[in-house]
Amino acid sequence: MRRFQKQQMTSLFVPIIPGAMIIIVIFSLDYFQFELVEKFLLFAAFIIVPLVILLLKYDEKNTYQQIIFTTMKLFQFPAALFVLASMMSSRVWELQGTSIPGALSLGWLLLTGLLCMYGIINIVIHKGKIAETAIGAGLIYFFIGGIWFTLYQYQLNIFQANPDTHALSSVHFHFSSAIVPIFIGMLGRIMTKKNWYPWVVAIDIIGPILIAIGMIFSKPIEYIGVTLFACNIVLYTTYLLTYLKRKTLYKKATFFLVLSCLAFYIVIIVSMFYPLLKKRFALTILDFIPVYGSLYAFGFVLFGLMGWIYMLEFLKEKKLYNY
């Protein structure tokens, strides 16, 4: 029985293996002349979104959600290939300036639209459940990230923002805006409800919007949004670590969730020491972006998703999870 459970746990991530292989090649070879922000978008398309879809596997679904979920599972990898083809056409195949990169990006827009539909239905059928609202909001934010990606690939100037800003906004919505509400919603499903939890969810939904508005129109608004959002993540990680310490849970889930929290704390420490390091070693913010991005994407987000998937599999096995 234990051997079967071990094999079952190991096979959880088989669906992302092809995407993981593609990402390793993209990050390793100079042939792919992608900007760092584009590599992170590809990482989201081939790794992060498939893991989110795996996370949704454990939900009880109505008929519409089941249809959407099945469609997403089938279409996710082709949609990610559309993202790759879209970027290849603009960066490698020298088709930048044509409508081809933008047209290819519509495949990803469709997939994120399905995530959005699933999230809206999730909010509607779980009226009053604040954790479900958080998860639904995160899924909706993927669609906003898809819109920004399409604008970037069409090289459109909109809202006084240039295409580079569109790319940054897309990364923001694929990682922070979408993932953090999902994490906080997952925590809300298993935690003993606290009076402060609805406020955390509210700030978590409003924060990404403030950041996106600030990136385009006003730096002070962006700073306010970032501060609120970061405080929310601190609260989430602190409570989660306390919860994991008190509960005897599946070791792999605990391992990855602890790594996720530690990765975020390292980001904070690096940020605190950034002024000193910049002065001592003549570094710029451009030198730190790969560090911040890697710790956040590969540490906080990736390990966090893996931890929650292991957690839900364990709770489902023990019949302690009914969503």
Side-chain angles (χ1 to χ4, degrees), residues 1-24 27 40 43-61 69 72-73 76-77 131 134-135 138-139 174-176 178-192 233-268 293-323:
M1 181 66 176
R2 287 185 178 180
R3 184 177 181 182
F4 171 76
Q5 290 179 342
K6 186 175 181 180
Q7 290 175 344
Q8 187 180 29
M9 291 292 187
T10 304
S11 65
L12 286 176
F13 301 106
V14 168
I16 70 166
I17 291 176
M21 294 174 65
I22 291 173
I23 287 300
I24 291 171
F27 274 79
F40 279 122
F43 179 69
F46 281 103
I47 303 295
I48 299 306
V49 169
L51 288 176
V52 170
I53 294 173
L54 275 177
L55 202 60
L56 299 177
K57 177 182 75 171
Y58 302 93
D59 293 355
E60 290 184 1
K61 306 172 183 65
F69 178 75
M72 287 192 299
K73 282 203 306 181
Q76 180 278 318
F77 190 71
I135 293 170
L139 297 174
H174 275 89
F175 286 92
S176 296
I179 295 300
V180 177
I182 291 173
F183 282 178
I184 289 179
M186 290 295 165
L187 179 63
R189 285 181 174 183
I190 64 173
M191 68 185 281
T192 302
I233 302 178
V234 170
L235 193 57
Y236 156 77
T237 52
T238 302
Y239 188 92
L240 179 58
L241 288 174
T242 304
Y243 180 89
L244 293 173
K245 185 178 180 181
R246 288 190 285 106
K247 300 287 185 178
T248 302
L249 297 168
Y250 185 55
K251 290 183 179 179
K252 284 187 179 180
T254 301
F255 175 74
F256 283 110
L257 288 173
V258 169
L259 281 182
S260 173
C261 295
L262 292 178
F264 177 73
Y265 290 139
I266 293 173
V267 171
I268 294 177
S294 298
L295 283 170
Y296 194 86
F298 297 101
F300 176 68
V301 175
L302 177 60
F303 289 153
L305 283 171
M306 293 176 67
W308 280 114
I309 290 170
Y310 276 128
M311 173 79 82
L312 298 192
E313 183 72 17
F314 171 79
L315 294 176
K316 201 80 171 181
E317 183 70 28
K318 298 296 182 180
K319 303 186 186 308
L320 299 173
Y321 190 77
N322 299 312
Y323 287 91

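For Ala253 against Met311, the heavy-atom pair with the smallest separation is CB-N, 3.5 Å. Taking every heavy atom of both residues into account, Leu305 and Leu55 meet most closely at CD2-CD2, 4.1 Å. In plain terms, the two heavy atoms of Ala44 and Pro50 that are nearest each other are O-CD, 4.1 Å. When every heavy atom of Cys261 is checked against every heavy atom of Leu240, the shortest pair comes out as SG-CD2, 3.9 Å. The shortest non-hydrogen separation linking Ala178 to His174 is CB-O, 4.1 Å.
Within the 4.5 Å cutoff, no side-chain heavy atoms of Ile184 are placed close to those of Tyr239. Residues Trp308 and Tyr58 have side chains not in contact (no heavy-atom distance under 4.5 Å, counting atoms from C-beta outward). Considering only heavy atoms from C-beta on, Tyr296 comes within 4.5 Å of Ile233 through its side chain. Residues Val301 and Leu51 fail the side-chain proximity criterion, which asks for heavy atoms closer than 4.5 Å. Side-chain contact between Tyr265 and Thr238 is present, with heavy atoms from C-beta onward closer than 4.5 Å. Residues Val234 and Phe264 have side chains in contact (heavy-atom distance under 4.5 Å, counting atoms from C-beta outward). In this structure, Tyr236 and Val180 have side chains that are not in contact, with every pair of non-hydrogen atoms separated by 4.5 Å or more. With a 4.5 Å cut-off on side-chain heavy atoms, Ile190 and Met186 do not count as touching.
In this structure, OG1 in Thr237 is found 11.5 Å from CG in Leu257, a value given to the nearest 0.5 Å. For the atom pair CG (Leu312) and CG (Asp59), the distance works out to 8.0 Å, reported to the nearest 0.5 Å. Within the model, atoms CG of Leu54 and CD1 of Ile309 stand 5.0 Å from one another, a figure rounded to the nearest 0.5 Å. Note that OG1 of Thr254 and CG of Leu259 are 11.0 Å apart. Values are rounded to the nearest 0.5 Å. Atom CD1 of Ile179 sits about 10.0 Å away from atom CG of Leu302, to the nearest 0.5 Å. Atom NZ of Lys251 is separated from atom OH of Tyr310 by 14.5 Å, given to the nearest 0.5 angstrom.
Ile17 meets the side-chain contact (heavy atoms from CB on, under 4.5 Å) test with Val14, Met21; sequence neighbours excluded. A search for side-chain contact (heavy atoms from CB on, under 4.5 Å) contacts involving Ile22 returns Ile26, Phe46, Phe77, Leu81, Leu84, not counting sequence neighbours.
Without hydrogens or angle criteria, Lys61 side chain to Leu56 main chain gives a donor-acceptor distance under 3.5 Å. Distance alone, capped at 3.5 Å, places no donor-acceptor pair between the Ser260 side chain and the Phe256 backbone.
Ring-plane geometry between Phe300 and Phe183 is classed as perpendicular, the angle between the planes exceeding 60 degrees on a 0 to 90 degree scale with a lower cut at 30.
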